[in-house]
Student: 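Take a look at this one; I'll ask things after.
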Amino acid sequence: MTNLTSTVVRLKLSLLKNGLRQSGGRRAAFIVSAVIAVLFALLQLLGLLALHGHAHADAVAVPGTAVLALGWTVLPLFFPTGDETLDPTRLVMLPLRPRPLVRALLAASLVGIGPLFTLLVLTGCALSLAQGTAGYVVSVVAVALALLVCVALARAVATANVRLLTSRKGRDLAVLSGLVIAIGAQLVNFGARQLGSAGLGRLQPVADVLSWVPPASAVAAVRAASEGSYGLAAAQLAVTVAGLAALIVVWARSLTRLMTAPDASTLQPADAAVRSRSATGLGRLLPQDRTGTVTERSLRYIWRDPKTKAAWVTSLAIGLIVPVFNAVQGTGSIYFACFAAGMLGIQMYNQFGQDTSAFWMVAMTISSPRDAYAELRGRALALLLITLPYAALVTVVTTALLGAWTRLPEVLGLSFALLGAMLATGAWTSARFPYSIPQEGHKNVVPGQAGLAWISIFGGMIAAALLCSPVIALTVWLHVSAGGEDWRWLLLPVGAAYGATLTWLGLRLAAPRTAGRLPEILTAVSKG
């Protein structure tokens, strides 16, 4: 048992280390992402320590622990975390028993940036409530238990969903989960706004309920021990231990089924193999060249691939929820409508990684920058066919809810400019910072490339914001200058033309880089 645990931990460390050795860019991206995560966690830790002694400190610490657990439950399924080494399907052919394997995987799950971030935040939650010797002693136990519950919860849910995310029949449930995440994130956002205006006391009833829900119950035990209620503290710790044990049991059973039972969801009916394929009406409307072929292929990926479809539906949901919810609550701005274009523009990033190992078939057809340009243009056109009408629809709905019809042209112009900037930077980062999306498992990036993925996405977003600065500056100038109101309608054609120009330039600049880096791109995206 001990040997298996140490072997799995060393295996994960070796895979992560070897992944970082492949290039200096990946090492730099990993270091930068780690530093940012740790700094953010330290800021959270300091903020929680500042609540020490506050009457309602538990109203933040206990729900905060529950939110961390919720994040561990859902984020590993839909966002890149670089923990594909723990995919249990990789170990199906090995003679391993489920329970020792669960312990080994649980230990290996504690290695990484995510567990370190969680440890620092949980430490702040516990110490913000600790008083006296008993409180600090219980806080050590509480932090360890809460961290183990978070990791076990993530692994149990991920194991149960491995086939869900790789099965075509389960893609609708994956999409539904993406919608739940999108809506839940916005509910948390609106709750935080209400909290800022009403005070921490509003969270006290929530904290009292969550004090009996693992792993928040472990942090609540620190408060009970600090107040001298040792029996209550022991009961809340016992609830956390029971929750951890239940998660491990569920995880072990899911692991047993995953490693021994056939995947019936992949068994197709006998007549499915001979079902004829008919040409779609959209295919007849697209250009009859490589651009049209690539566009149709990309649209088919969006509709058929579970991971791609889940990412798109989540982006569509968030792009609508943020401006509409804010407008309904009367706290929104018309400029929130640009969020729709921003969320969908992210889909342009890592275009070649979305093809996974099948990209070699595309690479075989690219022999010049002209071929690369046609490939990138087709992918951008597929995105535009969805994003342009959707961004316009969200802008019109938000404008109607706020009654700000006079600002509709300028917001549309800003949305189109932002979309063009993200298409341009997305095409460039797809060639410069490609990373692999595993075909199997429940992760979206292979080990050693998580930092590269985050740097690629967020670096591209920052660059897109900078590229949009001329249109933003023009908007501000028309708002502050005398008589500028009569000319704001010009922002629509200016923004559309500017976005189209950025898209064209981005594709043109990315094409030679794509054609010249095909071996590196193919190597990077084929690691899943």
Side-chain angles (χ1 to χ4, degrees), residues 15 18-23 25-26 29 80 82 84-85 87 89-90 165-168 171 266 277 283 286 289-309 311-312 347-383 423 426-450 452-453 456-457 460 506-528:
L15 290 175
N18 292 336
L20 294 175
R21 283 178 175 176
Q22 293 179 3
S23 68
R26 289 179 183 172
E84 180 67 15
T85 51
D87 181 3
T89 59
R90 307 286 186 178
L165 294 182
T166 57
S167 167
R168 180 168 295 178
R171 64 185 178 188
T266 61
R277 230 179 60 180
L286 294 173
D289 55 10
R290 177 172 183 144
T291 298
T293 303
V294 173
T295 301
E296 186 173 6
R297 183 189 69 208
S298 299
L299 293 174
R300 288 184 183 273
Y301 280 176
I302 294 171
W303 180 250
R304 293 181 176 181
D305 182 65
K307 287 187 177 182
T308 304
K309 187 175 183 179
W312 268 90
Q347 303 303 321
M348 186 65 185
Y349 294 89
N350 196 35
Q351 279 292 309
F352 307 126
Q354 297 174 15
D355 295 352
T356 62
S357 58
F359 178 69
W360 73 270
M361 300 179 66
V362 177
M364 292 292 291
T365 66
I366 299 177
S367 59
S368 66
R370 181 185 180 88
D371 295 334
Y373 175 71
E375 178 73 25
L376 290 171
R377 184 173 58 185
R379 293 170 184 258
L381 178 58
L383 190 144
L423 289 176
W428 190 85
T429 57
S430 293
R432 181 61 183 85
F433 301 108
Y435 56 91
S436 179
I437 300 176
Q439 293 176 283
E440 300 177 355
H442 51 273
K443 301 301 176 184
N444 295 326
V445 64
V446 297
Q449 293 186 350
L452 182 67
S456 172
I457 294 174
L507 297 179
R508 283 294 184 185
L509 293 175
R513 181 172 290 273
T514 301
R517 299 190 74 249
L518 281 178
E520 292 86 351
I521 296 174
L522 184 58
T523 301
V525 303
S526 300
K527 294 184 178 298

Student: What distance separates Arg370 CZ from Arg290 CZ, expressed to the nearest 0.5 Å?
Tutor: 11.5 Å

Student: I need the minimum non-hydrogen distance between Ser430 and Tyr349, along with the two atoms involved.
Tutor: OG-C, 3.7 Å

Student: Under 3.5 Å, side chain of Thr429 to main-chain N/O of Ile457, donor-acceptor pair present?
Tutor: no

Student: To the nearest 0.5 Å, what is the distance between OH (Tyr435) and CD1 (Ile521)?
Tutor: 14.0 Å

Student: Using a 4.5 Å cut-off on heavy atoms from C-beta on, say whether the side chain of Gln347 contacts that of Ile302.
Tutor: no

Student: For Asp289 and Gly292, indicate whether the former's side chain and the latter's backbone hold a donor-acceptor pair under 3.5 Å.
Tutor: yes

Student: Could you walk me through whether Trp428 and Leu376 pass the side-chain contact (heavy atoms from CB on, under 4.5 Å) check?
Tutor: CA-CA 10 Å; Trp428 190 85; Leu376 290 171; over 6 Å; no

Student: According to side chain to side chain contact (heavy atoms under 4.5 Å, CB included), who are the partners of Ser298, at least two apart in sequence or on a separate chain?
Tutor: Val294, Arg379, Ala382

Student: So how far is it from Ile366 CD1 to Leu522 CG, rounded to the nearest 0.5 Å?
Tutor: 10.5 Å

Student: How long is the straight-line distance from CD of Glu296 back to CG of Leu299, given to the nearest 0.5 Å?
Tutor: 7.5 Å

Student: In a table with atom names and distances, give each donor-acceptor pair under 3.5 Å that connects a side chain of residues 508-520 to protein atoms at least two apart or in another chain.
Tutor:
residue: Thr514; atom: OG1; partner: Ala510; partner atom: O; Å: 2.8
residue: Arg517; atom: NH1; partner: Ala431; partner atom: O; Å: 2.3

